[in-house]
Amino acid sequence: MSLLDHVEFAVSDARTSQAFYARALAPLGMVHLVHVQTAAGGDRHGFGREGYPCLWFHDQEVPGRGTHIAFAAATRAQVDAFHRAALAAGGMDNGAPGVRERYHSGYYAAYVLDPDGVNVEVVCQ
């Protein structure tokens, strides 16, 4: 069981990010669940599974550099599907699906940069 309840970060355009993550995370069964306004008048979106939003992003703040988010996949096929979907949604390849021996021999992952340069990883271990 994960100790993390949810993650949230700033993006430059919440609508653009909402469209990207809707397509990129679909292979993991994650969907857009919530849209609310921020206190600053921006948009906040929540994605997750089984009705619980664990990934949040919002606009009206400067996006953080060096942000990295990793999602667990049940199969290597999900990693491959994420990579294809994220690229089709406008993401930039940051590491094609494959084993990352530097972590361990069963670490199969793919990396894509989202519209703001956030490094999104999906890994099957």
Side-chain angles (χ1 to χ4, degrees):
M1 181 174 177
S2 172
L3 293 177
L4 293 176
D5 184 72
H6 66 276
V7 174
E8 182 168 352
F9 55 94
V11 296
S12 60
D13 183 329
R15 288 184 185 156
T16 298
S17 293
Q18 191 274 332
F20 171 80
Y21 282 102
R23 291 178 65 186
L25 298 179
L28 301 177
M30 291 183 69
V31 297
H32 183 255
L33 296 169
V34 181
H35 169 246
V36 296
Q37 294 294 301
T38 66
D43 290 313
R44 174 177 278 132
H45 295 277
F47 281 76
R49 291 190 286 210
E50 300 175 9
Y52 187 78
C54 60
L55 173 70
W56 291 86
F57 53 82
H58 62 275
D59 54 16
Q60 302 296 320
E61 287 188 311
V62 177
R65 292 186 183 254
T67 302
H68 175 90
I69 300 168
F71 295 96
T75 67
R76 290 181 175 194
Q78 283 183 312
V79 173
D80 297 344
F82 153 78
H83 191 257
R84 285 190 305 273
L87 294 179
M92 184 185 323
D93 180 38
N94 198 33
V99 174
R100 302 310 197 266
E101 289 281 343
R102 66 184 172 272
Y103 301 125
H104 62 76
S105 63
Y107 197 100
Y108 187 86
Y111 305 83
V112 174
L113 299 177
D114 83 352
D116 287 298
V118 171
N119 187 22
V120 182
E121 172 187 0
V122 171
V123 58
C124 176
Q125 298 194 58

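The shown structure was predicted, so the numbers you read here are calculated from the model rather than taken from an experiment.
When all heavy atoms of Ala74 and Cys124 are compared, the closest pair comes out as O-SG, 3.8 Å. Contact detail for Pro97 and Asp80: the closest heavy-atom pair is CB-OD1, 3.1 Å. Nearest heavy-atom pair, Val79 versus Ala109, reported as atom, atom and distance to 0.1 Å: CG1-C, 3.7 Å. In terms of heavy-atom proximity, Pro53 sits nearest to Leu33 at N-CD1, 3.7 Å. Here the closest heavy-atom approach between residue Gln60 and residue Ala40 is recorded as CB-CB, 4.2 Å. Nearest heavy-atom pair across Leu55 and Met30 is CB-CE, 4.2 Å.
Side chains of Leu113 and Val120 form no contact here, defined as non-hydrogen atoms less than 4.5 Å apart. No side-chain heavy atom of Ile69 sits under 4.5 Å from any side-chain heavy atom of Phe57. Contact of the Arg102 side chain with the Tyr107 side chain is not registered, since no non-hydrogen atoms from C-beta on lie closer than 4.5 Å.
Atom CH2 of Trp56 sits about 12.5 Å away from atom CZ of Phe9, to the nearest 0.5 Å. The CD atom of Gln125 sits 10.5 Å away from atom OH of Tyr103, with the distance rounded to the nearest 0.5 Å.
Counting only residues at least two apart or on different chains, no salt bridge (Lys or Arg N to Asp or Glu O under 4.0 Å) pair has a member in residues 82-100. The stretch residues 65-95 participates, sequence neighbours left out, in no ring-ring contact (aromatic ring centres under 6.0 Å, His included) pair at all. Each salt bridge (Lys or Arg N to Asp or Glu O under 4.0 Å) pair with one or both residues in residues 115-125, not counting sequence neighbours, would appear here, but there are none.
Within a 6.0 Å radius of CD in Glu50, no more than 12 heavy atoms belonging to other residues, nucleotides or ligands are found.
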Set out, in order, the CA-CA distance, both residues' side-chain angles and the distance that settles side-chain contact (heavy atoms from CB on, under 4.5 Å) for Asp59 and His45, then state yes or no. CA-CA 9 Å; Asp59 54 16; His45 295 277; over 6 Å; no
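Follow the hydrophobic side-chain contacts under 4.5 Å out from Val31 and you never reach Val11; the two are in separate clusters. Note on Leu25: it clusters hydrophobically with Tyr108, by side-chain heavy-atom contacts below 4.5 Å among ILVMFWY residues.
Remark: His35 engages Asp43 in a side chain to side chain donor-acceptor pair (under 3.5 Å) (not counting sequence neighbours). Residues passing the salt bridge (Lys or Arg N to Asp or Glu O under 4.0 Å) test with Arg44 are Glu8, sequence neighbours excluded. When the side chain to side chain contact (heavy atoms under 4.5 Å, CB included) test is applied to Ala89, the partners found at least two apart in sequence or on another chain are Phe20, Arg23.
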